[in-house]
Structures are given as structure tokens and as C-alpha cells.
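Note sheet for the following structure.
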Protein chains: 2
Amino acid sequence: MEDSSLCPRFEKAVGIISQRWNALIIYQLLSGPQRNHEIKDAIGISGRLLSERLKDLEAEDIIHREVYAETPVRIEYSLTDKGHSLKPLMKDIKAWADEWIDIPTHKQCKS
Amino acid sequence: MEDSSLCPRFEKAVGIISQRWNALIIYQLLSGPQRNHEIKDAIGISGRLLSERLKDLEAEDIIHREVYAETPVRIEYSLTDKGHSLKPLMKDIKAWADEWIDIPTHKQCKS
DNA sequence: ATAATTAGTTACATAAAGTAACTTGTTGAG
DNA sequence: CTCAACAAGTTACTTTATGTAACTAATTAT
């Protein structure tokens, strides 16, 4: 297996965006820099996977890790330019979800 | 774990789009109705997973399965309206990939 | 009958994700 | 100083998803 005729850039982009949790992490960071435990609580990911994904996304230059030598140490994650450039995509997903996904017991959420 | 404060519709949409292979299958079907083996060859998925994903996507009303009683039988998969409505999203991913993903040995692919 | 074709399934190996306990580094209370 | 508290991250282990290849079913041409 593993030999497609697709555009390799497109395949790579899909690989990043559709890696589990990545889209939710990026979406969450759209609302501003956040710490490990804030992201964790917001999207419901485990500590193990969050650390792994944050490292991956940092390696892709999509997020930035900043260490503040306070007490206790504060580590903040934020989107890079490359990360921010995914905002239209995230908004499209949100818009599509609002139009096409029906969840009986839930009203539409704010944009 | 598993208790986020995110919009449930958004979470569900992300779940569908970021399920492995789904985005590639949908993207592939944007160029028209196709048969099982055509999709398989185009994106490099295994038969087992392709069948599974096609069933999932049909259950989500994103693709349509049409049986033509020819010889041998021909089964075509196509996008529903809901499926077609994902086109802007796919184009966003393509555009983002073209702008931000660099793969040294590959030139930009056609849109 | 038999081989060929296509969609789909079964059985099993490998890889990724989920869970929870543990480590590290730091600080402030006692 | 010693110990509890806290945040980030890691380790060890279980469960689930994916990869691979052989197999089944339905159909038709030879």
C-alpha cells in the first residue's frame, strides 16, 4: 500500500490537521496563548497525548512554547504565523458544523 | 477525561473530518463519482479501511452509494449535498498547504 | 465447469491512543 | 532544613485503531 497520486503538500497538510487532537488544540489556541493545563481542561485530552502533540506542533512551527521563569514556572503555548494562518480553516469547520451537524439536545454555539 | 467545554457540533465535525482517510476520500470524490478501486488506488488506502470509511461516511450522509446492476456489478460512490458542502474546506486545506507546506523535491500541484 | 473481475470480509500483527501512577523542579509554610 | 503543594512532563501498561494479506460472494465470459 501507500502510494497515492495526490499532491504531497496536500497529503501532508491533511496529515497534520487530521492527526487526532491537533485541530482542537489549534482551535483552542485561536483564543489566545494558554498553558498546558488550560488546553487540557478545555478539550479533554490526556496529559500524555497533549505533551506529545504540543511537541509535534512546535516541530511543525505551528505553535510556540514560551517559558516564564516565574514561581511556579509558567509555560505558555501560542500560535505562530503559520498556526494563525489556519484560522480560516477552523472557521470553515465551525460554519460547516453549524449548518450541517445536528445535535438534538444542543443549540448553536457562539462563533 | 473526556469532558470538554467545546461546541459539540464543532467537536463532531472535527471528529468526522479528522478521522483518518476521511478527508482524502472526500477530496478524491470532489472530482466526481468513483468506484471502490478507483478511490483505493488514488489515495493508497487498504480495502478493509476503505469499506469501513465508506460505510461511516454513508451513515453520516456525506457520500451516496449507488449500485449499477451491470456486468460485473458496478458500485459508485458520490458526494451528497452535505458532502459537496465540504468543498470550501478542502480548498482551504489545499490553499494552506500550497502556502505553508514545503516539500523540497516537489513543485506546487494544480488546484 | 472454470477462470476472471470487483466489492467486501475475516484473521491476525503492528501502531496509536487512553489511563493512571510517577518524576522533576520550584516555592512557601512550618 | 524538610515537607506539602503545584505544574509540566514521562513511564508503564491496557485498549482501540490501523495495516496486511488471504478469503468469500456474486456475476459473467470462455
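Order of the sequence lines sets the chain letters (A, B, ...), proteins ahead of strands, with each chain counted from 1.
- Counting only distance, with no hydrogens or angles, the side chain of B:Asn22 and the backbone of B:Ile16 share a donor-acceptor pair below 3.5 Å.
- The phosphate of C:dA17 has OP1 or OP2 within less than 4.0 Å of a side-chain N or O from A:Gln19.
- The side chain of A:Trp21 lies closest to C:dA17 when the candidates are C:dA17, D:dG9, C:dT9.
- Distance alone, capped at 3.5 Å, places no donor-acceptor pair between the B:Lys82 side chain and the B:Ile63 backbone.
- Near-neighbour residues of DNA chain D inside residues 59-68 of chain A, defined by a heavy atom below 4.0 Å, number-ordered: A:Arg65.
- Ion pairing of A:Glu76 with A:Arg74 is present here, as a side-chain N (NZ or NE/NH1/NH2) and a carboxylate O approach within less than 4.0 Å.
- Not one N or O on the side chain of A:Arg20 forms a donor-acceptor pair closer than 3.5 Å with the backbone of B:Gly15.
- A:Val67 and A:Leu57 end up in the same hydrophobic cluster when Ile, Leu, Val, Met, Phe, Trp and Tyr side chains are linked at under 4.5 Å.
- Judged by distance alone, with hydrogens and angles left aside, the side-chain atoms of B:Gln34 form a donor-acceptor pair with the main-chain N or O of B:Gly32 at under 3.5 Å.
- Note on A:Glu76: nothing from the nucleic acid sits closer than 4.0 angstrom, heavy atoms only.
- Side-chain proximity of B:Lys55 to the nucleotides C:dT9, D:dT18, C:dG8 is greatest for C:dT9.
- Within residues 24-38 of chain A, no residue is approached by DNA chain C to less than 4.0 Å at the level of any non-hydrogen atom.
- Without hydrogens or angle criteria, A:Thr80 side chain to A:Asp61 main chain gives a donor-acceptor distance under 3.5 Å.
- Residue B:Arg74 places none of its side-chain N or O atoms closer than 4.0 Å to OP1 or OP2 of C:dT5.
- Listed pair A:Lys40 / C:dT19 fails the phosphate criterion, with no side-chain N or O lying under 4.0 Å from OP1 or OP2.
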Trace of the side chain to side chain contact (heavy atoms under 4.5 Å, CB included) decision for A:Leu54 with A:Ile39: CA-CA 10 Å; A:Leu54 290 172; A:Ile39 302 171; 4.3 Å; yes
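- In this structure, A:Tyr77 reaches the D:dG9 phosphate: one of its side-chain N or O atoms is under 4.0 Å from OP1 or OP2.
- Here A:Lys12 pairs with A:Glu60 in a salt bridge; the nearest charged N to carboxylate O distance falls below 4.0 Å.
- Of the listed nucleotides (D:dT18, C:dG18, C:dG8), C:dG8 has the atom at the smallest distance from the side chain of B:Ile75.
- When the P atom of D:dT24 is taken as reference, atom CZ of B:Arg48 falls 18 Å away, rounded to whole Å.
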